[in-house]
Protein chains: 2
Amino acid sequence: MPNPFVLKLEQCDSLSDDEKRVLESAISRVRVVENDEDIVHEGEHPSESNLLLDGFAARYKIFSNGRRQITAIHVAGDFVDLHSFLLKTMDHGVVALTPCRIAIVPHAALEKITDEYPHLTRLLWLNTLIDGAIHREWLTTMGRLSATAHTAHFICELFMRLKAVGRTDGDTIQLPLTQAELGDTLGLSTVHVNRVLQELRKEGLIRWQGDALTILDWERLVSVGEFTPTYLNLQREHR
Amino acid sequence: MPNPFVLKLEQCDSLSDDEKRVLESAISRVRVVENDEDIVHEGEHPSESNLLLDGFAARYKIFSNGRRQITAIHVAGDFVDLHSFLLKTMDHGVVALTPCRIAIVPHAALEKITDEYPHLTRLLWLNTLIDGAIHREWLTTMGRLSATAHTAHFICELFMRLKAVGRTDGDTIQLPLTQAELGDTLGLSTVHVNRVLQELRKEGLIRWQGDALTILDWERLVSVGEFTPTYLNLQREHR
DNA sequence: CCGGGCATATAACATATGTGAGTGCGTAGT
DNA sequence: ACTACGCACTCACATATGTTATATGCCCGG
């Protein structure tokens with residue numbers, strides 16, 4: 001099976017066979033993390049980073065009073081904590097939302113790549129820059145859109161990202177979040193998430209049963225969420 | 001005068017003289033951008049990046065209906081669009097909030113650095129990772145704190161960042177934002193920003209006259225804003 | 001086959017924040 | 001000196017979203 005991370009990088013730029021080989025050999029081992037377990041804990045000083053091969057994960061911060069905010073949702077092909085290579089201290093946790101298959105990449109291997117493979121280094125850097133671009137987009141949708149529009153936008157984004165790594169099934173994606181988790185992602189209360197979802201359903205934009213979310217009207221969902229995918233950088237360029 | 005960017009990097013790791021020289025020589029020229037002018041426009045494909053030597057700038061996105069969200073505030077020493085080196089297309093604009101003195105760094109020079117100076121490359125990468133960490137922090141404060149706490153948090157952050165580059169004057173910093181701009185930053189309406197500021201003043205936490213913002217009670221401001229500076233990565237480490 | 005636990009769904013109510021309009025002050029321009 | 005303008009500030013009112021509580025359905029383990 002193709003490494004979804006390579007798949008993702010190849011959306012942005014071309015990779016030489018040599019570079020692919022280097023990437024593969026940077027993986028020291030593969031592990032599985034169960035549902036609801038932390039992949040990385042806040043406060044840790046990890047010496048390796050986690051590449052998600054299968055499953056869904058989330059970055060999150062928790063306040064003293066127990067309120068939680070999810071700052072990123074990760075899917076197959078995402079390097080969930082590549083930044084810990086240089087940031088050293090995890091300022092947030094990463095939790096598995098489903099059982100996750102994870103490739104471990106030691107920081108020593110990353111350091112070697114940065115020493116010897118400039119182009120590959122730029123692509124790894126790019127990867128974290130796209131994370132940043134998504135953060136910015138979330139900031140604007142959170143700050144300036146209604147709860148409904150914000151939710152629609154999130155669904156559009158997730159659909160496109162899953163499509164980029166071949167994890168869509170027609171107009172359907174897997175969305176393994178509870179409404180409470182979706183609230184933590186969007187900065188809303190669980191009750192309001194429920195209201196918003198009902199509205200999106202009533203408007204005939206989506207269907208969501210169990211884990212399966214189906215887009216019923218992409219055009220209108222995009223328009224409600226004011227979604228433009230530029231920030232996802234899914235264009236091939238020389239980097 | 002010391003380059004504030006070098007100052008900022010040296011908070012995170014040590015730089016060799018050689019690396020400092022390379023950085024300085026990467027600057028092709030210095031320009032001044034006036035108040036309210038765009039430093040970079042959304043949609044552009046820049047071939048150089050902008051390093052802020054003096055002044056304040058903001059990254060922003062605008063929606064069709066004119067609503068604006070500021071996703072980052074930049075101060076002296078910040079590389080306002082280093083990410084355009086690899087992202088290629090600007091997915092947001094950057095505007096000067098005050099007159100800005102800016103060092104221009106051609107992408108060709110950055111490419112050369114990534115080809116030849118791995119450690120310096122990691123520090124540049126780190127710089128964009130810290131931007132990302134700040135974005136995440138803003139997401140959590142925006143999503144899960146009250147307007148007052150969110151505002152207090154923002155003030156704490158800005159104070160610490162300015163202190164890191166030697167731009168504080170005792171407990172006072174320059175905060176050249178209108179209340180409308182602060183609203184765009186925090187995702188609040190102008191009217192509500194005004195209410196929040198009155199509250200912070202009434203509580204004796206801050207004084208804000210013209211551009212000068214004074215912290216009157218740091219401890220309580222930190223506690224109201226639930227501020228912890230870990231995410232700013234102002235610790236020296238080997239990277 | 002039953003019971004516990006979790007997730008979704010609803011309802012009534014509380015409140016933080018947004019909206020639209022308007023005042024007054026200070027500064028810049030003519 | 002007058003005007004225009006931007007910005008801080010206020011007020012009355014509207015509403016989106018949060019809160020607390022309860023009901024309902026569903027899955028899983030015993």
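Every chain is numbered from 1 and lettered A, B, ... according to where its sequence line falls, protein lines coming before strand lines. Atom set for the values below is all heavy atoms of this structure, side chains included, hydrogens, waters and symmetry mates excluded. All values reported here derive from a predicted model rather than from experimental measurement.
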> For a quick test of reading the model: is some side-chain N or O of B:Arg201 closer than 4.0 Å to OP1 or OP2 of D:dA8?
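Looking at the OP1 and OP2 atoms of D:dA8, neither is under 4.0 Å from any side-chain N or O of B:Arg201.
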
> Ignoring backbone atoms, establish whether B:Asn194 has a side-chain N or O less than 4.0 Å from OP1 or OP2 of D:dA8.
no

> Grab the CE-P distance between B:Met142 and C:dT17 for me, whole Å please.
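It works out to 12 Å between those atoms.
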
> Would you mind reading off the distance between A:Asp36 atom CG and C:dG5 atom C1', rounded to a whole angstrom?
14 Å

> Choose from C:dA9, D:dT17, C:dT17 the nucleotide whose nearest atom is closest to any side-chain atom of A:Leu188.
D:dT17

> How close or far is atom P of D:dT17 from atom CG of A:Leu182, stated in whole angstroms?
14 Å

> Using the side-chain heavy atoms of A:Arg195, tell me which of these nucleotides is nearest: C:dA9, D:dT17, D:dC9.
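Among C:dA9, D:dT17, D:dC9, the one nearest the side chain of A:Arg195 is D:dT17.
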
> Would B:Thr71 and A:His135 count as having a side-chain donor-acceptor pair, cut-off 3.5 Å?
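No pair is found: no donor N or O on one side chain lies under 3.5 Å from an acceptor on the other.
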
> What is the nucleic acid contact for A:Gly187, judged by heavy atoms within less than 4.0 Å: base, sugar-phosphate only, or nothing?
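The answer is sugar-phosphate, as A:Gly187 gets under 4.0 Å only of primed atoms, P, OP1 or OP2.
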
> To the nearest Å, give me how far apart CD (A:Gln209) and C1' (D:dG25) are.
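One finds 15 Å between C1' of D:dG25 and CD of A:Gln209, rounded.
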
> Can you check the B:Gln198 CD to C:dA16 C1' distance for me, whole Å?
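Value for this atom pair: 16 Å.
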
> Taking any heavy-atom pair under 4.0 Å as a contact, classify A:Leu197: base, sugar-phosphate, or nothing.
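Touches nothing.
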
> Consider the side chain of A:Ser189, meaning its heavy atoms from C-beta on, and name the nucleotide among D:dT17, C:dT17, D:dG18 that approaches it most closely.
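The closest nucleotide is D:dG18.
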
> With a 4.0 Å limit, can you tell me whether B:Gln179 has a side-chain N or O closer than that to the phosphate oxygens OP1/OP2 of D:dG6?
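Negative; the distance criterion is not met.
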
> Between P on C:dT17 and CD on B:Glu199, what's the gap in Å once rounded to a whole number?
10 Å

> Under a 3.5 Å distance rule, please check whether A:Thr98 uses its side chain to pair with a backbone N or O of A:Phe56 as donor and acceptor.
yes

> Expressed as a whole number of angstroms, how long is the span from A:His192:NE2 to C:dT10:C1'?
15 Å

> What does A:Thr178 touch in the nucleic acid at a heavy-atom separation under 4.0 angstrom: a base, only the sugar-phosphate, or nothing?
sugar-phosphate

> Tell me if a side-chain donor or acceptor on B:Gln69 pairs with a main-chain N or O of B:Asp184 at a distance below 3.5 Å.
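Looks like yes, one N/O pair under 3.5 Å.
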
> Would you call the rings of A:Tyr231 and A:His153 parallel, tilted or perpendicular if under 30° counts as parallel and over 60° as perpendicular?
parallel

> Can you check the B:Leu186 CG to C:dA16 P distance for me, whole Å?
18 Å

> Under 4.0 angstrom, heavy atoms only, what part of the nucleic acid is A:Thr190 near: base, sugar-phosphate, or nothing?
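No contact.
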
> Between A:Val191 and A:Arg144, which has a closest nucleotide on DNA chain C that is more 5'?
A:Val191

> Using only atom types and a distance under 3.5 Å, with no angle test, would you say the side chain of B:Asp217 pairs donor to acceptor with the backbone of B:Arg220?
yes

> Name the residue closer to the 5' end of DNA chain D, choosing between B:Leu177 and A:Ala147 according to the nucleotide with the nearest heavy atom.
B:Leu177

